[in-house]
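Inspection log for the structure reproduced underneath, given as structure tokens.
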Number of protein chains: 2
Amino acid sequence: MTGNHPDTDGTQGLDPQQLGTYFVLMEAVSLLQHHVEQQLRAEGDISSVQFQLLARLAADDGQLTMTQLADGVVYSRSGLTYQAGLLEKAGLITRGSSPDDERATLVTITEKGLALVGGLLPGHIQVVRRLLLDPLTDDDLRQLGDIMTRVRDHMRAQPPRSAAPRKRPAGPTSPAPATTQH
Amino acid sequence: MTGNHPDTDGTQGLDPQQLGTYFVLMEAVSLLQHHVEQQLRAEGDISSVQFQLLARLAADDGQLTMTQLADGVVYSRSGLTYQAGLLEKAGLITRGSSPDDERATLVTITEKGLALVGGLLPGHIQVVRRLLLDPLTDDDLRQLGDIMTRVRDHMRAQPPRSAAPRKRPAGPTSPAPATTQH
DNA sequence: AGTTAGTGCTTCGAAGTTGAAGCATGTGGA
DNA sequence: TCCACATGCTTCAACTTCGAAGCACTAACT
């Protein structure tokens with residue numbers, strides 16, 4: 001992108017510093033994700049999505065509703081239904097109705113699921129340490145954590161959609177469906 | 001992650017600081033990607049993969065081979081064939097044989113493709129600015145760019161796969177296929 | 001209570017992604 | 001030259017992902 005357009009896009013150009021930081025951030029994370037994916041597939045034969053789901057369950061005392069799970073991992077509801085089906089068939093989780101809310105499905109991690117996560121964690125940690133943590137000083141780590149925390153909180157605080165895209169002019173009296181299903 | 005497990009959780013060596021930084025980094029990037037995806041779909045009706053491909057072409061003077069393209073964006077070859085088919089059908093790129101190597105397919109961005117990228121760029125930049133850049137000071141930006149550059153270079157320098165990791169007796173049987181395309 | 005709107009999850013169809021296999025071309029050694 | 005192997009891309013089948021529609025249950029308002 002050599003920026004040869006006269007001024008039609010220069011309204012909010014990014015300087016090289018900003019652009020470079022954005023690119024390298026995305027690229028580095030993409031590479032890290034890829035390595036993690038490989039490790040999990042090779043060692044435990046599960047995808048990183050499945051690992052995240054199991055890890056989340058293990059961390060939260062073993063039981064969550066589908067919605068809580070989907071919100072934790074950035075994931076669509078229908079996608080979660082699919083993955084939960086796989087995990088259940090593999091005997092790593094079980095699903096049951098919640099006593100509080102008859103609609104809710106309570107997902108519970110099994111012993112086998114816990115064992116799998118436990119067995120996979122060391123290798124996972126090793127990959128993260130080797131690829132991400134090793135080249136960072138304690139100071140870097142603090143900085144990075146601080147910065148990304150601020151960015152994440154900022155994003156979470158952002159309104160889902162300030163203005164509706166021009167795709168559908170929307171109904172007469174329906175401003176926003178508010179259903180933010182990733 | 002309350003860390004109440006004595007030592008069975010295998011968190012050997014990742015203190016809360018490290019773990020938290022890793023998590024928030026992945027989560028923030030995931031959220032950013034999601035927002036970018038939405039913007040591109042709403043404004044230009046293309047996926048972020050397609051945008052990346054077009055942007056790469058635009059940046060590299062308009063012409064690359066399929067392999068060069070796939071390597072630039074972290075993407076499978078077969079997936080690129082599929083996407084290139086879509087982009088060609090949409091009139092955003094053309095494909096032709098290379099004069100140097102009869103096997104190679106030379107991908108060229110069209111005027112229409114260039115126009116689309118140019119038109120989409122401001123909105124894209126706006127999203128990145130609003131979500132990522134706004135909550136950062138100049139100092140943060142430098143720090144972040146510096147840190148992630150170091151991490152990325154470190155990853156690129158890593159050997160692909162020196163030795164197969166030892167398997168844990170936890171998961172279902174997996175013969176560990178060492179196929180590494182990407 | 002009765003009706004209306006909201007919430008939680010699943011099903012369904014369409015589209016995207018991948019690795020392995022296959023085809024065509026290029027390269028290096030006997 | 002011939003042959004084996006490497007390289008570049010595509011095809012194929014299986015799998016994953018998503019959004020919209022649908023079902024079941026809950027909450028709110030009258």
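Numbers restart at 1 for each chain; the letters A, B, ... are given by sequence-line order, proteins then strands. Fair warning: this is a prediction, and the values are worked out from it, not measured in the lab. When reading the values below, keep in mind they use all heavy atoms of this one structure, side chains included, and skip hydrogens, waters and symmetry mates.
Residues in residues 111-125 of chain B take part in no salt bridge (charged side-chain N to carboxylate O under 4.0 Å, His left out) pair, two or more places apart or across chains. Evaluation of the salt bridge (charged side-chain N to carboxylate O under 4.0 Å, His left out) test over residues 79-101 of chain A, restricted to residues two or more places apart or in two chains, returns A:Glu88-A:Arg95, A:Asp101-A:Arg103.
Going from atom CD of B:Glu37 over to atom P of C:dA15 covers 16 Å, rounded to whole Å. When rounded to the nearest whole Å, the span between CD of B:Gln68 and P of D:dT7 equals 15 Å. With rounding to whole Å, B:Asp45 atom CG is found 18 Å from D:dC18 atom P. Put simply, CD on A:Gln33 is 14 Å from P on C:dT17, counting in whole angstrom units. If you take NE2 of B:His34 and C1' of D:dC18, they are 10 Å apart, rounded to a whole angstrom.
Between B:Asp71 and B:Arg56, no side-chain nitrogen of the basic residue sits less than 4.0 Å from a carboxylate oxygen of the acidic one, so the salt-bridge criterion is not met. Salt-bridge formation is detected for the pair B:Asp45/B:Arg41: a Lys NZ or Arg NE/NH1/NH2 atom is positioned less than 4.0 Å from an Asp or Glu carboxylate oxygen.
When each of A:Ser47 and B:Leu80 is assigned the nucleotide of DNA chain D bearing its nearest heavy atom, the one mapping closer to the 5' terminus is B:Leu80.
For B:Ala104, counting side-chain heavy atoms from C-beta on, the closest listed nucleotide (C:dG19, D:dG8, C:dG8) is D:dG8.
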Pull out every protein N or O sitting under 3.5 Å from an N or O of nucleotides 23-29 of chain D, one pair per line with the distance.
| from | atom 1 | to | atom 2 | distance (Å) |
| --- | --- | --- | --- | --- |
| D:dT26 | OP1 | A:Glu102 | N | 3.2 |

Give each protein N/O atom lying under 3.5 Å from an N/O atom of nucleotides 11-16 of chain D, with the pair distance.
| from | atom 1 | to | atom 2 | distance (Å) |
| --- | --- | --- | --- | --- |
| D:dT16 | OP2 | A:Tyr82 | OH | 2.1 |

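In the model, A:Asp146 has no side-chain atom that pairs as donor or acceptor with a side-chain atom of A:Thr149 under 3.5 Å.
To the nearest 0.5 Å, atoms CG (B:Asp60) and CD (B:Gln68) are separated by 7.5 Å.
Applying the side-chain contact (heavy atoms from CB on, under 4.5 Å) test to A:Glu27 and every residue at least two apart in sequence or in another chain returns A:Leu31, B:Arg152, B:Arg156.
Hydrophobic cluster membership for A:Leu106: none, as no Ile, Leu, Val, Met, Phe, Trp or Tyr side chain comes under 4.5 Å of it.
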